[in-house]
Amino acid sequence: MTSLSGAVSISGIRSFNGETSVPGDKSISHRALLISALSEGTSRIRGLSNGGDVRATATLISQLGAHVTQDGEHIIVQGGRDRLGPPGDTLDVGNSGTLIRLAAGLVAGLGGRYRFTGDDSVNRRPMKRIFVPLSQMGAEIEASNNGDTAPFAITSKQLHGITYLMPVASAQVKSSILLAGLGADGTTTVIEKIPTRRHTEEMLADAGASINFERFPDRSEISVKRSKLNPLEYDIPGDPSQAAFWIVAALITPGSKITIRNIYLGELRSDFLAVLKRMGAGLSINQRTRNSGDVTASSSQLHSTDISPHEIPGLIDEIPILSVAAACAAGTTTITGASELRVKESDRISVMTTALRSFGAEVDELPDGMAISGNRRLFGGKVQAHLDHRIAMATAVLGAAVEGTTEISGFDSVESSYPRFLDDFTALSEGRL
Ligand code: S3P
């Protein structure tokens with residue numbers, strides 16, 4: 001494998017063997033920092049993601065007035081609502097859609113005027129989905145591009161609670177509203193018809209927020225009131241969406257067996273494991289705590305499956321790597337109900353379709369997904385990562401499973417979530433080229 005200013009070449013066919021761990025879960029890491037910034041006192045965080053996205057969150061809470069330091073393997077945050085306020089500078093979230101949406105909600109509840117921007121990918125992503133509820137709560141928003149994208153400024157004096165029925169299944173939007181609700185008068189209620197990851201409500205409850213969540217057969221309701229938060233000790237397990245790259249790498253390459261230690265296995269985050277099992281994957285899961293464990297994967301003959309709309313929120317981030325598994329599986333895999341993928345770091349439906357075709361795969365692009373006919377003879381592809389870390393990593397894994405050389409440009413996008421990806425790739429597949 002060679003790496004040249006943001007481009008890499010990967011030669012196959014490789015095997016993956018050994019044990020590894022992956023960076024701390026990105027969703028939990030963002031929230032641990034943001035909630036610590038709001039908590040009255042000193043929080044300690046272990047296992048924080050070391051990617052650029054989460055580093056941007058640490059910088060952002062420092063700009064707001066939290067004090068962030070490192071003590072060995074812990075990140076220490078001294079926070080509290082009274083220390084936080086508008087910085088002189090614009091808040092730059094880099095590549096992180098999660099950060100811009102969650103932080104916008106958080107600062108709306110603090111009061112004052114805050115300016116946000118991000119990289120070219122973030123500045124293309126839809127923001128009306130947070131502007132609508134935050135405006136209903138009393139925030140004023142000035143935004144680019146017909147009021148739908150960053151850069152934007154958000155100003156608020158006093159927010160009031162609302163009841164909001166979520167028009168899209170999005171944990172980012174839900175979390176933005178709940179974080180704003182911590183600083184609003186009255187009760188803020190979010191109603192989700194389709195459940196999404198629950199880290200924000202669970203972590204706010206742990207920090208002592210006045211929050212209730214109830215599940216009904218047809219919906220979930222989460223209500224929050226103005227709250228004082230307590231500092232906590234956080235111990236963050238590994239990110240399942242990163243572990244998924246190594247798991248699929250082992251499944252689709254010959255002579256492979258990999259164990260990923262200590263990954264988050266909680267609800268709505270590890271559903272990709274069930275999909276892979278359905279495809280015939282040789283997986284074993286060693287549950288170590290209620291929400292975490294080790295996963296071992298070995299080379300397997302995969303076959304196709306249908307991934308249906310109700311499954312999508314539980315595996316939204318793993319679709320690029322699942323589409324790679326599908327390209328190596330017998331039969332045609334269909335993925336539907338996944339139109340949200342079009343507004344991630346890149347349009348993941350269009351970008352993955354083009355990428356997989358460049359390897360020789362037969363892919364139909366659907367408005368809300370893909371149909372992938374697998375088990376054809378694939379050969380090294382040519383990929384543009386489009387500022388999207390998951391496209392870079394998913395196609396690197398496919399490059400290891402096929403003959404020839406795969407060229408990926410824009411590979412440095414992996415820095416946002418998994419800076420050591422290439423080192424781990426080399427270590428796990430070394431000696432078997
Ligand atoms: C995230 C929620 C999901 C996911 C993203 C992280 C979060 O986005 O794709 O990688 O931490 O809340 P949406 O809420 O937009 O679906």
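Counting convention: from 1, in listed order, for ligands and their atoms alike. Hydrogens, waters and symmetry mates play no part in the numbers below; they use all other heavy atoms, side chains included.
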Task: ligand 1 N/O within reach of S170 N/O, cut-off under 3.5 Å - done: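 Yes, there is a polar N/O contact under 3.5 Å.
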Task: Sub-3.5 Å N/O-N/O distance, S27 and ligand 1 - done: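 Yes, since at least one N or O of S27 sits under 3.5 Å from an N or O of ligand 1.
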Task: Presence of salt bridge, E345 and R390, under 4.0 angstrom - done: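 Here R390 does not pair with E345 in a salt bridge, since their nearest N and O are not under 4.0 Å apart.
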TODO: Decide whether the shortest distance between a heavy atom of K174 and an atom of ligand 1 is less than 4.0 Å.
DONE: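 Heavy atoms of K174 never come under 4.0 Å of ligand 1.
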For [X], take its heavy atoms, then give the atoms of ligand 1 lying under 4.0 Å from any of them.
X    : answer
D317 : 4 (C), 5 (C), 9 (O), 10 (O)
A171 : 12 (O), 14 (O)
I316 : 9 (O)

Starting from [atom], find the nearest protein heavy-atom neighbour and note its residue, name and distance.
atom                    : answer
atom 12 (O) of ligand 1 : R31 NH2, 2.6 Å
atom 13 (P) of ligand 1 : K344 NZ, 3.4 Å
atom 6 (C) of ligand 1  : T98 OG1, 3.4 Å

Task: R101, R129, Q172: member with heavy atom nearest to atom 1 (C) of ligand 1 - done: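 Residue with the shortest heavy-atom distance to the ligand atom: Q172.
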Using a 3.5 Å distance criterion without hydrogens, assess whether the side chain of [X] forms a donor-acceptor pair with backbone atoms of [Y].
X    : Y    : value
N146 : D148 : no
D368 : G337 : yes
E40  : R81  : yes

- [ ] Using the test ring pair (Phe, Tyr, Trp, His ring centres under 6.0 Å), find all partners of F152 that sit at least two apart in sequence or belong to another chain.
- [x]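 If we apply the ring pair (Phe, Tyr, Trp, His ring centres under 6.0 Å) test to F152, skipping adjacent residues, the hits are F116, F131.
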Open item on the list: Applying the side chain to side chain donor-acceptor pair (under 3.5 Å) criterion to K26, which one of T57, D53, T98, D317 satisfies it?
Closed with: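 Exactly one pass, corresponding to D53.
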